[in-house]
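Worksheet for the structure shown next.
Below, chain A is the first sequence line, B the second, and so on; all start at residue 1. Reckoned from all heavy atoms, side chains included, excluding hydrogens, waters and symmetry mates.
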Protein chains: 2
Amino acid sequence: MINIKSEKCFDCTACNERSPLFHYLTKDELAIMNAGRFEVHFDAGETIVKQGTIANHIMVITSGIAKLFLEGIDRRNLILDLVLPWKLFGGPGLFNDMRYHYSVSALTATSACFIAADHVRQVIRSNPDFAESILRHCNKNSAANFDRLISLTQKQMPGRLADTLIYLTNDIFQKNRFTLPLSRLELGEMSNMTKESVTRILKEFEAEKIITVEGKTIEILNFEVLKEISVRG
Amino acid sequence: MINIKSEKCFDCTACNERSPLFHYLTKDELAIMNAGRFEVHFDAGETIVKQGTIANHIMVITSGIAKLFLEGIDRRNLILDLVLPWKLFGGPGLFNDMRYHYSVSALTATSACFIAADHVRQVIRSNPDFAESILRHCNKNSAANFDRLISLTQKQMPGRLADTLIYLTNDIFQKNRFTLPLSRLELGEMSNMTKESVTRILKEFEAEKIITVEGKTIEILNFEVLKEISVRG
DNA sequence: GCCATTAATTGTTTTAAATCAATTATTTTT
DNA sequence: AAAAATAATTGATTTAAAACAATTAATGGC
C-alpha cells in the first residue's frame, strides 16, 4: 500500500544508507548502534511502544506503517503522525524522564528495529554532526507540534480535516490518490473530531468536487481549494 | 511582582551561575558565548522576538517577565509559556529553518540577553554535556507540548483553566497567592477560551471555594480540587 | 482629580460540533 | 455462504462555548 523500499534490516550499515540521521556515523559508531540492536515483527493493531513505559530504546520502522499517538482522557487518542520506514521515533523521553511520551502501534504488518538508548546517547556525545542532526530532528518536531496546536485549537472542522488530508498527500503517500490504512475514527483522531463528523465533512468536500471518496480510497481533485480551506481555518 | 534575583548581566560567567544550561561550560566556551552578546531593555508590551523572523540569536531574560506565544489565525494568539529570568528561549528554529517559531513579548519591564546562534552551535559541537542538556531542554518542551495538546483539545473549559492556574502556581509564582501580569484575555489565550469564559469560570471556581479573585490577584484555596478538575478534564 | 480609554463583568443569543439513535455497509469468522 | 461483528453513514437532539451586546470597573494621561 505504501512504497516500502526494504524487506529486512541486517545491521545498522543498512540504516546508514536509508536513514538520513545515520549518514554522519563512522563505521565504529555504526557498530556501537548495532550492538544489542534487535528487530521485532508486529501484526496490524499490535502495540510497538506504550506511552508511560521506560524508554530504553529508540526505534525505526524497517517495513510497514504505524501510527504514533497520545493517549488522552477517557481512552481518547490523538494521532500525531503516521510513521514510515527509516523515520526515528521514541526520542522525547531521552535525557529527560526516560519514558515514552506517546504510544506507537502497527497499522499494517510492521517490522521495527530497536536501538539501545544508551548507545544512541554514546554516539550523540562522540559525534557533533549526529548530535546536531538529532537536535534538528527534535526542533522540526517542535515546529510541527506548534502548527498542530494552532490547527487543532483555532481551526474548525473543515480546516482541520483539510490539514490532515494535506499531510497524508504530501508527507505520507506523495500522490493524489491513496488508500487509507485508517478508519474514520482514526481520521478523527488525527483531526480532533468524531467519526461521524469525519464522514460528514468528507461528504461535503466531495460535494464541492475537492475530493472523491470510495470507501478507504481518497483522491484529491483540487489541492488548491483544500489549501485555502486549511489557511482560512 | 515576580521574585527576580538579579539586576544586570555583565557577562556569561553570570549565566554560568544562574542558568543551569551554562553549568557545563568551560571558561573558553563561556568566552565564545559572551562574544557579540548584547542586552536590550524592553518596556511592558514590547516585542522581544517576532515569529517568522530570522533566528540569529538565542535569548535569556535577565530581569522581568515575558510571554511566549504562537500567532495563530485572525490575530488570535496561543500563549505557551511565561518566561522567567534564566530560562533559555528561541531554540526551535535552530539547525532547522533558522526562523523563530513563536513570538515573545515583555509583560513587565524586561531585560533580555541575546547570544549569537552561531556561537551556541559552536559550543554544542564542542561540549557533549552542553549538547545533551540542550537536547534535554528540547525534549522537556516536547513533553510539555504533548500535555498541552491533550489539555487544549480534550478538556473542557474548567479543566483547561485549572491547568493554567496549576501552571501559574507551581511553575511561575511558586506560591498560592499571586498577582497576575496578565489580562483575562491573556488567561484565555493560555487556556484556549474567550475572555468572557475566563471571567465566568473564575467566578465558578470562586463560588466553589477553590480560589479567591480580587482583580488580578488570585489565591488558590483548594489545590487538590483544582487538580481533580484538571484530571477529570 | 477628572476625562478618555481600556479591561472586566454580566446577560442573551447563536452556532459548531458532540452525542445519541438507528440503519446500512463492510469485514471477519465459522 | 451464512452469521456475527465491526465500521460507516445518516438523521435528530443536545450541549459547550463562542459571539454579541450592554454595562460597570479600572487604568492611564493630562
Query raised in the report: From C:dA8, D:dA17, C:dA18, pick the nucleotide closest to the side chain of B:Arg184?
Result: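 Given the options C:dA8, D:dA17, C:dA18, the side chain of B:Arg184 is closest to C:dA8.
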
Query raised in the report: According to a strict under-4.0 Å criterion, is B:Lys216 in side-chain N/O contact with OP1 or OP2 of D:dT27?
Result: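 The answer is no; no side-chain N or O of B:Lys216 sits under 4.0 Å from OP1 or OP2.
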
Query raised in the report: Does the side chain of B:Lys203 get closer than 4.0 angstrom to OP1 or OP2 of C:dT9 through an N or O atom?
Result: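 No.
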
Report task. Would you confirm whether A:Ser142, through its side chain, and A:Lys140, through its main-chain N or O, come within 3.5 Å as a donor-acceptor pair? Result ->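 Between the backbone of A:Lys140 and the side chain of A:Ser142 there is no qualifying donor-acceptor contact (under 3.5 Å).
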
Query raised in the report: Is there a donor-acceptor pair under 3.5 Å between the side chain of B:Arg99 and the backbone N or O of B:Gln51?
Result: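 A pair under 3.5 Å: no.
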
Spacing of [X] atom [atom1] relative to [N] atom [atom2], expressed in whole Å:
{"X": "B:Leu161", "N": "D:dA18", "atom1": "CG", "atom2": "P", "result": "12 Å"}
{"X": "B:Ile218", "N": "C:dA8", "atom1": "CD1", "atom2": "P", "result": "11 Å"}
{"X": "B:Gln156", "N": "C:dT19", "atom1": "CD", "atom2": "C1'", "result": "13 Å"}
{"X": "A:Glu206", "N": "D:dA8", "atom1": "CD", "atom2": "P", "result": "15 Å"}
{"X": "B:Leu187", "N": "C:dA7", "atom1": "CG", "atom2": "P", "result": "14 Å"}
{"X": "B:Leu185", "N": "D:dA26", "atom1": "CG", "atom2": "C1'", "result": "16 Å"}
{"X": "A:Met157", "N": "C:dT15", "atom1": "CE", "atom2": "P", "result": "15 Å"}
{"X": "B:Ile201", "N": "D:dA18", "atom1": "CD1", "atom2": "C1'", "result": "12 Å"}

Report task. With heavy atoms under 4.0 Å as the rule, sort B:Arg76 into base, sugar-phosphate or nothing. Result ->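 No contact.
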
Query raised in the report: Taking NZ, NE, NH1 and NH2 as the nitrogens, is one of them in B:Asp11 or B:Arg37 under 4.0 Å from a carboxylate oxygen of the other?
Result: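 Salt bridge between B:Asp11 and B:Arg37, a charged N being under 4.0 Å from a carboxylate O: no.
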
Requested in this report: Please determine if B:Lys67 forms a cation-pi arrangement with B:Phe69, meaning its NZ or CZ atom is less than 6.0 Å from the six-membered ring centre and no more than 45° off the ring axis.
Outcome: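 Positive - B:Lys67 is close enough to the ring of B:Phe69 and near enough to its axis.
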
**Report entry** Minimum side-chain heavy-atom gap A:Thr199-A:Lys195 below 4.5 Å
**Finding:**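 Heavy-atom side-chain distance check fails, nothing below 4.5 Å.
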
Query - Close side-chain approach of B:Leu187 and B:Leu168, heavy atoms under 4.5 Å - result: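 Side chain of B:Leu187 against side chain of B:Leu168, heavy atoms only: contact under 4.5 Å found.
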
Query - Heavy-atom neighbours of B:Lys216 NZ exceed 12 at 6.0 Å - result: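 Atom NZ in B:Lys216 is crowded, with more than 12 foreign heavy atoms closer than 6.0 Å.
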
Query raised in the report: Looking at DNA chain C, which of residues 188-200 of chain A put a heavy atom within less than 4.0 Å of it?
Result: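 Going residue by residue through residues 188-200 of chain A, the ones with a heavy atom under 4.0 Å of DNA chain C turn out to be A:Asn192, A:Met193, A:Thr194, A:Glu196, A:Ser197, A:Arg200.
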
